[in-house]
Amino acid sequence: MLLLRFVVLPATLFSAKPHQEAKVVREMAKPMRYAGMTACRECHADEYDAKLKAQHRTIGCENCHGPALVHVADKTDKSAFPPKHRDREFCLGCHGYVSSRPNGFPQVDGGKHNQGKRCVSCHDPHDPTPPETPKDCSGCHGRIARIKAVSTHAQLACNECHQVSEQHFKDPRSALPSKPQMRQACASCHDSASKAPKDADASLKRVDFKAHGRTYVCWECHYAHLPEGPK
Ligand code: HEC
Ligand code: HEC
Ligand code: HEC
Ligand code: HEC
Ligand code: HEC
Ligand code: HEC
Ligand code: HEC
Ligand code: HEC
């Protein structure tokens with residue numbers, strides 16, 4: 001048994017270490033292709049400075065322009081000029097609507113948002129802040145807007161439950177809107193003891209706030225943007 005374990009069978013059967021070592025050697029042997037963002041600063045200070053202050057600050061130059069080490073080594077070689085992707089599909093790869101993208105990530109519907117025109121004709125890729133701020137919450141909260149649009153709360157405006165300042169449209173994270181804190185936020189329309197709003201539809205469903213859902217806040221059971229729950 002011992003002979004089999006230590007002499008006959010190869011060590012790679014028992015440990016991941018030889019595999020890891022081989023992988024490192026393999027990767028090290030590959031030629032370098034990326035120069036890194038700071039390398040671009042020397043010659044493209046305008047693009048570098050613009051990007052650093054703007055929303056694309058977290059994205060490396062070579063994320064969009066591709067590996068550019070060859071270009072940095074020889075700036076006169078025209079055949080090695082990094083590509084400039086000016087097609088819509090390129091931007092939509094990150095900004096097209098995908099429901100799993102994080103809350104507030106700016107997304108647009110490629111079929112609707114200024115269709116047929118190049119994104120770069122309005123947005124500077126190094127400082128993409130739009131020429132005017134989005135008019136609608138769905139510009140950045142597409143997922144929530146779409147869920148709500150097919151719910152029983154479809155007719156309710158977002159600001160019925162959230163107070164939103166102008167600043168939130170310009171620099172969203174610096175001025176977050178309010179969110180309902182207590183069950184009273186839903187009382188005006190759903191408390192059977194409440195008469196307001198006076199002009200409310202008689203068919204509006206009301207519950208006894210003292211008994212229904214005990215003392216939990218309503219949105220522990222009802223997602224406010226789809227309160228009836230998924231069908
Ligand atoms: C040593 C100077 C130098 C460095 C470093 C450098 N570039 Fe350039 N780059 C140039 C010159 C010169 C040109 C061609 C003239 C022009 O259009 O400005 C150019 C052109 C470009 C173009 C436009 C190509 C075209 O078709 O118009 C892009 C994109 C570009 N560089 C990206 C980068 C990126 C990304 C980096 C960093 C990884 C980088 N450059 C680093 C000098 C440099
Ligand atoms: C979000 C993607 C993106 C990032 C990040 C990005 N670029 Fe660009 N860049 C573009 C696009 C798209 C164009 C073409 C714009 C056009 O032709 O209108 C471009 C054009 C350029 C040009 C040519 C400018 C000209 O006048 O023709 C240079 C140089 C350049 N970028 C350098 C950089 C450098 C340096 C960085 C990093 C500091 C960088 N880019 C980061 C997308 C990007
Ligand atoms: C690699 C992914 C990636 C690519 C490619 C990309 N972006 Fe972005 N974009 C981002 C990120 C990340 C942010 C910052 C989002 C945030 O702050 O939450 C952003 C922000 C933006 C914003 C919001 C600016 C604001 O003021 O609210 C616009 C508009 C935008 N990008 C347009 C573009 C355009 C046009 C292109 C194509 C030239 C492009 N993006 C390519 C990742 C990308
Ligand atoms: C005709 C000019 C124009 C074109 C072309 C255009 N946009 Fe916009 N974009 C705007 C304006 C104006 C706004 C702000 C108002 C709004 O939401 O409609 C905006 C808003 C945005 C936002 C949300 C802004 C934010 O702060 O979160 C994103 C993301 C965006 N655009 C990406 C793109 C992408 C990607 C393309 C190409 C597929 C594109 N845009 C093409 C003008 C344009
Ligand atoms: C320019 C893009 C943009 C627009 C337009 C926008 N938001 Fe936001 N919103 C964000 C971002 C980014 C966050 C932060 C997300 C995070 O940190 O998880 C956010 C967060 C929020 C939050 C959560 C606050 C918290 O404490 O968690 C609410 C509620 C909200 N927005 C409501 C709205 C409403 C209602 C509108 C329309 C009147 C709107 N937003 C328009 C980008 C935007
Ligand atoms: C019926 C009231 C109501 C309406 C209408 C409403 N919300 Fe909300 N919203 C809530 C409640 C309640 C929460 C959850 C608060 C918590 O979890 O602390 C919430 C949470 C959020 C959050 C935080 C992230 C999340 O998913 O929990 C965002 C962003 C948001 N709402 C945006 C919007 C937007 C955009 C609209 C309009 C399209 C909208 N809301 C309409 C009640 C509402
Ligand atoms: C401005 C009035 C208003 C507010 C505030 C409001 N709702 Fe509603 N709600 C409605 C309307 C209108 C309907 C759809 C018609 C109906 O169900 O009678 C509805 C439907 C519902 C339903 C679905 C009832 C069914 O058909 O099964 C639930 C659950 C619900 N709301 C929960 C909430 C919760 C939780 C809150 C607080 C975060 C809230 N609502 C805030 C007006 C409101
Ligand atoms: C512990 C979970 C829970 C909590 C908390 C809760 N609900 Fe409900 N709610 C339910 C369930 C389950 C139903 C469907 C069964 C029923 O009719 O009792 C429902 C039904 C409803 C209905 C529809 C009633 C009808 O006649 O069809 C409304 C409106 C409603 N809830 C509003 C609220 C409001 C407003 C709050 C906060 C005060 C709240 N709920 C808190 C679980 C909860």
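All values below were derived from every heavy atom in this structure, side-chain atoms included, with hydrogens, water molecules and symmetry-related copies excluded. Counting convention: from 1, in listed order, for ligands and their atoms alike.
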Counting heavy atoms only, which of [options] is nearest [atom]?
{"atom": "atom 31 (N) of ligand 3", "options": "His95, Lys170, Arg57", "answer": "His95"}
{"atom": "atom 36 (C) of ligand 3", "options": "Cys64, Cys91, Gly104", "answer": "Cys91"}
{"atom": "atom 18 (O) of ligand 3", "options": "Arg173, Gln55, Lys84", "answer": "Arg173"}
{"atom": "atom 21 (C) of ligand 7", "options": "Gln184, Lys179, Arg183, His190", "answer": "His190"}
{"atom": "atom 2 (C) of ligand 7", "options": "Cys161, Cys189, Ala185", "answer": "Cys189"}

Requested in this report: Please identify which atoms of ligand 7 are closer than 4.0 Å to at least one heavy atom of Glu160.
Outcome: 1 (C)
Requested in this report: Show which atoms of ligand 7 fall inside a sub-4.0 Å distance from at least one heavy-atom site of Pro227.
Outcome: 21 (C), 22 (C), 28 (C), 29 (C), 30 (C), 31 (N), 32 (C)
**Report entry** ligand 3 contact by Gly93, heavy-atom criterion under 4.0 angstrom
**Finding:** no
Query raised in the report: Is atom 15 (C) of ligand 8 in close reach of the protein, with a heavy atom under 4.0 Å away?
Result: no
Query - Under 3.5 Å: N/O of Lys205 near N/O of ligand 7 - result: yes
Requested in this report: Of the side chain and backbone of Ile59, name the one, both, or neither that has a heavy atom under 4.0 Å from an atom of ligand 3.
Outcome: side chain
Query - Which segment of Pro128 sits under 4.0 Å of ligand 3 when only heavy atoms are counted - result: both
Query raised in the report: Does the pair Cys64 and Phe90 meet the rule for a side chain to side chain contact (heavy atoms under 4.5 Å, CB included), with working shown?
Result: CA-CA 9 Å; Cys64 292; Phe90 171 69; 3.6 Å; yes
**Report entry** Nitrogen or oxygen of His212 less than 3.5 angstrom from that of ligand 8
**Finding:** yes
Query raised in the report: Would a distance-only check, ignoring hydrogens and angles, find a side-chain to backbone donor-acceptor pair under 3.5 Å from His65 to Pro83?
Result: yes
Query raised in the report: Tyr48 and His126: ring-ring contact (aromatic ring centres under 6.0 Å, His included), yes or no, with the steps?
Result: CA-CA 8 Å; Tyr48 188 92; His126 308 119; over 10 Å; no
Query raised in the report: Do any N/O/S atoms of His153 come under 2.8 Å of atom 8 (Fe) of ligand 7?
Result: yes
Query raised in the report: Looking at atom 8 (Fe) of ligand 7, is one of the N, O or S atoms of His222 less than 2.8 Å from it?
Result: no
Relative to the heavy atoms of [X], which atoms of ligand 8 are at a distance of less than 4.0 Å?
{"X": "Cys218", "answer": "34 (C), 35 (C), 36 (C), 37 (C), 38 (C), 39 (C), 41 (C)"}
{"X": "Cys186", "answer": "35 (C)"}
{"X": "Phe209", "answer": "35 (C), 38 (C)"}

Query raised in the report: Should you measure from each heavy atom of Cys94, which atoms of ligand 3 turn up under 4.0 Å away?
Result: 1 (C), 2 (C), 3 (C), 4 (C), 5 (C), 43 (C)
Query raised in the report: Any idea which atoms of ligand 3 are less than 4.0 Å away from a heavy-atom of Cys119?
Result: 35 (C)
Requested in this report: Consider ligand 8: state whether an atom of it lies below 4.0 angstrom from any non-hydrogen atom of Glu220.
Outcome: no
Query raised in the report: Which N, O or S atom name in His56 marks its closest approach to atom 8 (Fe) of ligand 3?
Result: NE2
Query raised in the report: Taking all non-hydrogen atoms of both residues, which atom of Ser178 and which atom of Gln163 are closest, and how far apart?
Result: OG-N, 2.9 Å
